[in-house]
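Convention: sequence-line order gives letters A, B, ...; per-chain numbering from 1.
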There are 2 protein chains.
Amino acid sequence: MKFDLSQAEENYLKAIYSIGIDTGKSVNTNQIALMMKTKASSVTDMVKKLSDKGLVEHKKYKGTILTRKGESIAVNTLRSHRLWECFLVDTLQFNWDEVHDIAEQMEHIKSDSLVDRLDQFLSFPSYDPHGDPIPDKNGVIKHHKNVMLSSVVAGDSCIVIGVKDSSSSFLKFLDNASIRLGNEIKVVTVEDFDQSMQIEIENKMITVSYQISKNLYVKK
Amino acid sequence: MKFDLSQAEENYLKAIYSIGIDTGKSVNTNQIALMMKTKASSVTDMVKKLSDKGLVEHKKYKGTILTRKGESIAVNTLRSHRLWECFLVDTLQFNWDEVHDIAEQMEHIKSDSLVDRLDQFLSFPSYDPHGDPIPDKNGVIKHHKNVMLSSVVAGDSCIVIGVKDSSSSFLKFLDNASIRLGNEIKVVTVEDFDQSMQIEIENKMITVSYQISKNLYVKK
DNA sequence: TAAAATTTTTAGACAAGTCTAAAAATTATT
DNA sequence: AATAATTTTTAGACTTGTCTAAAAATTTTA
Ligand SMILES: [Mn+2]
Ligand SMILES: [Mn+2]
Ligand SMILES: [Mn+2]
Ligand SMILES: [Mn+2]
């Protein structure tokens with residue numbers, strides 16, 4: 001069966017996928033509504049439609065999970081989104097804070113070979129500009145384990161490998177603070193009261209709030 | 001006033017623009033319906049909406065013309081379409097018969113600088129893969145004069161500079177016959193009965209029907 | 001475990017874009 | 001100029017995706 005989904009349907013599948021990855025369990029209607037910036041009643045309607053198409057399984061008042069087929073579509077859409085973000089940054093020289101909304105549109109372009117050709121043109125990148133892993137042609141995706149800067153203890157060092165929040169305001173803050181993917185961060189002190197951290201990056205000492213540190217993926 | 005039009009609205013403006021360019025006069029409802037592959041009643045509805053937005057002027061039962069603003073949007077959409085076609089052929093190595101439907105989607109991506117950055121990346125091309133002129137950043141477009149192969153007389157030679165029909169079947173036929181943009185064609189004989197031509201191209205003699213010859217733009 | 005709070009679903013409405021069928025206006029034909 | 005043919009518009013309906021308000025189910029709290 002060949003599917004041609006609307007942009008709305010693809011966006012819902014992506015949302016259900018990403019909530020499911022984070023939580024493991026089946027996904028609540030309200031969580032989807034929150035992520036999609038819409039109302040619970042709209043979610044109920046859409047989930048019903050996706051269920052009719054065999055893309056999710058839904059138990060009334062219980063929750064929603066993707067079927068194998070639904071997950072495959074979600075992952076393909078993510079692949080498309082992240083490859084277009086690479087294109088926008090690497091090829092068209094956009095800044096990493098400018099590309100999300102554009103990729104949000106481009107991910108829905110329908111074509112049999114477009115995304116694979118783009119992948120080839122970009123030399124098969126593994127990560128998008130925000131450090132998120134790019135699924136391969138077969139939908140295989142390597143999740144990097146979720147170690148946040150907030151969990152690093154005073155005295156330890158780590159490397160920035162990704163951002164959890166891709167909002168323009170957060171990314172602009174990072175630019176300003178010289179916090180970029182690949183940079184080393186040394187945690188100097190952690191404030192007991194509000195979890196704020198003094199960190200050393202690019203030979204400068206700065207203070208970052210918990211809000212910041214819990215949105216940065218790092219590795220040892 | 002900043003406009004954010006739907007894909008349908010942009011497609012209608014493009015259709016009205018291209019019919020207007022060919023005919024000069026104001027555009028009939030049925031002509032639009034034919035080009036948009038829709039019904040006259042749908043056109044009436046949409047024309048009313050575009051008129052309310054100040055993008056077309058419409059006189060009941062008489063016809064429709066683009067306003068300055070409407071024409072500007074149509075030309076920008078055309079620019080986007082043709083630049084994406086260049087990208088698909090030049091950068092992603094699609095064949096010229098594969099790109100129209102994809103560009104038909106990509107032309108609608110909303111972003112302030114995307115198309116201009118794409119233009120720069122492609123080194124400001126003047127023509128798309130089908131020989132159609134690409135409007136510049138300011139919407140200035142050079143129409144090449146419409147000389148068709150069908151109007152070339154026996155004994156004369158010309159260069160292929162564009163195709164009027166961009167359908168995949170026509171373009172595949174041209175590929176097969178080695179008829180490509182830039183190639184020279186010598187018209188050897190023209191059949192009085194059905195206007196079919198014997199032509200010499202790439203040192204081969206072939207016969208092309210009037211259907212073919214009236215869809216090829218040429219220059220001396 | 002019964003009442004209260006929360007979550008989810010249902011019911012009914014709306015805008016965009018499309019369609020069919022019928023009415024109205026225009027153009028062509030006699 | 002009257003009739004016929006064609007074009008265009010109107011009227012009403014349908015689909016998709018959304019919303020608000022109210023009802024129903026579930027979970028929390030006391
Ligand atoms: Mn999207
Ligand atoms: Mn990203
Ligand atoms: Mn289009
Ligand atoms: Mn073209």
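The side chain of B/Asp45 has C/dC19 as its nearest neighbour among D/dT18, D/dT9, C/dC19. Ranking C/dT8, D/dT8, C/dT18 by closeness to the B/Thr29 side chain, first place goes to D/dT8. Candidate nucleotides D/dT18, D/dA25, C/dT10 were compared by shortest atom distance to the side chain of A/Ser42, and D/dT18 ranks first. Taking the side chain of B/Tyr61 as heavy atoms from C-beta on, and the options D/dT9, C/dT9, D/dT18, the nearest nucleotide is D/dT9. With distances taken from any side-chain atom of A/Thr38 to the nucleotides D/dT18, D/dT8, C/dT18, the minimum falls on D/dT18. Relative to the side chain of A/Asn30, the nucleotides C/dT18, D/dC19, C/dT8 differ in distance, and C/dT8 lies closest. The side chain of B/Lys39 has C/dC19 as its nearest neighbour among C/dT18, C/dC19, C/dT26.
Residues A/His108 and B/Gln105 approach most closely at O-OE1, 4.1 Å, considering heavy atoms.
OP1 or OP2 of C/dT8 lies within a sub-4.0 Å distance of a side-chain N or O belonging to A/Asn28.
One can place NZ of A/Lys59 at 13 Å from P of C/dT9, the figure rounded to the nearest angstrom. Rounded to whole angstrom, the span from the NZ atom of A/Lys60 across to the P atom of D/dT27 amounts to 16 Å. One interatomic measurement links the two molecules: CG of B/Asp52 to C1' of C/dA16, which rounds to 14 Å at whole-angstrom precision.
B/Ser41 comes within contact range of at least one nucleobase, with a heavy-atom separation under 4.0 Å.
Between B/Glu57 and B/Lys62 there is no salt bridge, since no side-chain nitrogen of the basic residue lies less than 4.0 Å from a carboxylate oxygen of the acidic one. In summary, A/Glu104 and A/Lys14 engage in a salt bridge, as defined by a charged side-chain N under 4.0 Å from a carboxylate O.
Of the candidates B/Asp128, B/Asp116, B/Asp136, B/Asp116 is the only one forming a salt bridge (charged side-chain N to carboxylate O under 4.0 Å, His left out) with B/Arg79.
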